[in-house]
Novice: 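Got a structure for you, written out below as structure tokens; questions coming shortly.
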Amino acid sequence: SAIRFLTPGGNFIGVADHGYWFFGTIERDADHVPTGATNFRMQPMVDQSGRIVANKADKDAEGLDVHDGIATVAFERNARVSEYAIDGSVMAGPLRDLDFIVPRRELRHNAGFETLARAPADSALQGARVVIAERSIDEEGNIFAAILEGPQKGIFKVARTDNFDVTDGVFLPGGDLLLLERRFSVAQGVAMRLRRVSGETIRKGALVDGETLMEAGLAHRIDNMEGVDVWRREDGALIVSLISDDNQSFLQRTLY
């Protein structure tokens, strides 16, 4: 459901929406092309008492941020945003829960928080974490979102267009927000979109939108794209990495 690199394009951490942490390393050839994943491992999420979280509604992890040894996770069904100390051998239970600001009554079942991203420290949001729902919408059809801290702390909205739902997001180095979105219909199948939202427009009370950078369907060999991260390659190129969730279905694939 979400992936974040611990080293640029190499070691990663992620969360799966059936209540697991996962870790590993992307291997690349001399041309930087990914060739596989090594050292892959998973472990179940546990509560503050160290017990494995069994209830699906309590372990539906969807959004992830990593900063200074802390993983912040957004959970969708039983809505919460929790901090964990990163330990690649044994992940313990949450350190604390954050105020996610959006009224719980506005978060729709299985369409709540899907995205958690941290703005750059030198941006207008001053390093604040931001959460965005998948398809929890207001009366005008706009998606609920919130800035969790800093001078702009408060609720804002994301314009929902062309029936796309938000599945993840990450801030670019300059402060703009890159949104990964998904659309599904029986007639057209699955599609994905990347949309770039100007960081200057993200503030308390705002309605934000952004230009479409790309859109793809099954003809482009995508799947249920749910995770995105950006990282700087050794040659200076800024790389966007995407990952799909196969929903444990034999009809789908996990693609990096």
Side-chain angles (χ1 to χ4, degrees), residues 1-17 20-43 61-74 83-89 91 114-123 125 127 129-130 132 166-182 192-197 199 210 212-216 220-246 252-256:
S1 292
I3 186 171
R4 290 289 186 262
F5 282 103
L6 301 173
T7 60
N11 298 330
F12 60 81
I13 180 176
V15 290
D17 61 10
Y20 280 83
W21 299 98
F22 61 85
F23 300 84
T25 304
I26 299 294
E27 300 291 341
R28 303 177 189 277
D29 63 20
D31 295 321
H32 309 293
V33 176
T35 58
T38 59
N39 196 29
F40 187 83
R41 57 210 187 273
M42 299 181 72
Q43 55 183 284
E62 295 286 357
L64 176 65
D65 168 71
V66 169
H67 184 74
D68 286 346
I70 298 295
T72 309
V73 181
E83 291 184 341
Y84 299 80
I86 298 175
D87 185 334
S89 55
M91 292 288 291
E114 192 85 8
T115 294
L116 177 61
R118 182 185 295 268
D122 59 356
S123 70
L125 295 179
R129 283 165 288 188
V130 169
I132 304 173
V166 177
T167 59
D168 203 3
V170 63
F171 279 92
L172 300 172
D176 289 350
L177 177 61
L178 185 65
L179 288 180
L180 173 64
E181 299 174 298
R182 169 189 59 208
M192 63 150 284
R193 181 172 73 178
L194 285 173
R195 188 163 39 141
R196 181 174 186 162
V197 178
T212 295
L213 300 184
M214 69 165 291
E215 189 173 324
H220 302 88
R221 298 176 63 84
I222 66 165
D223 208 279
N224 175 37
M225 310 311 291
E226 284 215 7
V228 61
D229 199 13
V230 295
W231 50 280
R232 186 75 67 181
R233 207 164 60 185
E234 292 179 357
D235 61 3
L238 189 66
I239 306 299
V240 178
S241 289
L242 303 174
I243 193 169
S244 69
D245 177 2
D246 68 359
Q252 296 179 251
R253 298 170 297 169
T254 295
L255 302 175
Y256 170 77

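This structure is a prediction, so every number in the text was calculated from the model and none was measured.
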Novice: Angle class for the Trp21/Tyr84 ring planes (parallel below 30°, perpendicular above 60°, tilted otherwise)?
Specialist: perpendicular
Novice: Considering all heavy atoms of both residues, which atom of Asp31 and which atom of Asp29 are nearest to each other, and what is their separation?
Specialist: N-OD1, 2.9 Å
Novice: With rounding to the nearest 0.5 angstrom, report the CG to CZ distance, Leu238 to Arg232.
Specialist: 4.5 Å
Novice: In the structure I gave you, are the side-chain heavy atoms of Val73 and Leu116 within less than 4.5 Å of one another anywhere?
Specialist: no
Novice: Quick one: closest heavy-atom pair of Ser241 and Trp231, and the distance?
Specialist: OG-NE1, 2.8 Å
Novice: Spell out, as yes or no, whether a donor-acceptor pair under 3.5 Å connects the side chain of Asp223 to the backbone of Arg253.
Specialist: yes
Novice: What's the separation between atom CE in Met214 and atom CG in Leu194, rounded to the nearest 0.5 Å?
Specialist: 5.5 Å
Novice: Taking Arg196 for the side chain and Asp176 for the main chain, is one N or O donor matched with an acceptor at less than 3.5 Å?
Specialist: no
Novice: side-chain contact (heavy atoms from CB on, under 4.5 Å) for Val130 and Phe171? Distances and angles first, verdict last.
Specialist: CA-CA 10 Å; Val130 169; Phe171 279 92; 4.1 Å; yes
Novice: Working to the nearest 0.5 Å, report the span between CZ of Phe12 and OH of Tyr256.
Specialist: 9.0 Å
Novice: Looking only at heavy atoms, which two atoms of Ile222 and Ala216 are closest? And how far apart?
Specialist: CD1-O, 3.5 Å
Novice: Pro34 and Ile26: which non-hydrogen atoms are nearest, and at how many Å?
Specialist: CB-CG2, 3.9 Å
Novice: Quick one: pull up CZ in Arg4 and OG1 in Thr72 and give me the separation to the nearest 0.5 Å.
Specialist: 10.5 Å
Novice: Judged by atom type as modelled, is there a donor-acceptor pair below 3.5 Å linking the side chain of Asp235 to the main-chain atoms of Ala237?
Specialist: yes
Novice: Show the nearest heavy-atom pair for residues Ala2 and Leu64, with the distance to one decimal.
Specialist: CB-CB, 3.8 Å
Novice: Hey, is the main chain of Leu213 close enough, under 3.5 Å, to the side chain of Arg193 for a donor-acceptor pair?
Specialist: no
Novice: Quick check: closest heavy atoms across Ala117 and Gly169, and the distance to 0.1 Å?
Specialist: CB-O, 3.6 Å
Novice: List in chain and number order the residues that pass side chain to side chain donor-acceptor pair (under 3.5 Å) with Glu83, two or more places apart in sequence or in another chain; answer none if no residue qualifies.
Specialist: Arg96, Arg129
Novice: Please round to the nearest 0.5 Å and tell me the distance separating atom CD1 of Ile132 and atom OG1 of Thr115.
Specialist: 5.0 Å
Novice: Side chains of Glu27 and Thr35 only: does a donor on one sit below 3.5 Å from an acceptor on the other?
Specialist: no
Novice: List in chain and number order the residues that pass side chain to side chain donor-acceptor pair (under 3.5 Å) with Thr25, two or more places apart in sequence or in another chain; answer none if no residue qualifies.
Specialist: Asn11
Novice: Heavy-atom count around Arg41 CZ within 6.0 Å, excluding the residue itself: above 12?
Specialist: yes
Novice: I'd like to know if the side chain of Thr167 reaches the main chain of Leu180, judged simply by a donor and an acceptor atom lying under 3.5 Å from each other, with no hydrogens or angles considered.
Specialist: yes
Novice: Counting N and O atoms only, with roles assigned by atom type, does the side chain of Asp245 sit under 3.5 Å from a partner on the main chain of Ser1, one being a donor and the other an acceptor?
Specialist: no
Novice: Please determine which of Glu226, Arg182, Met225, Met192 meets the side chain to side chain contact (heavy atoms under 4.5 Å, CB included) test together with Ser244.
Specialist: Met225
Novice: Let me confirm one number: the CD-OH distance from Gln43 to Tyr20, rounded to the nearest 0.5 Å.
Specialist: 10.5 Å
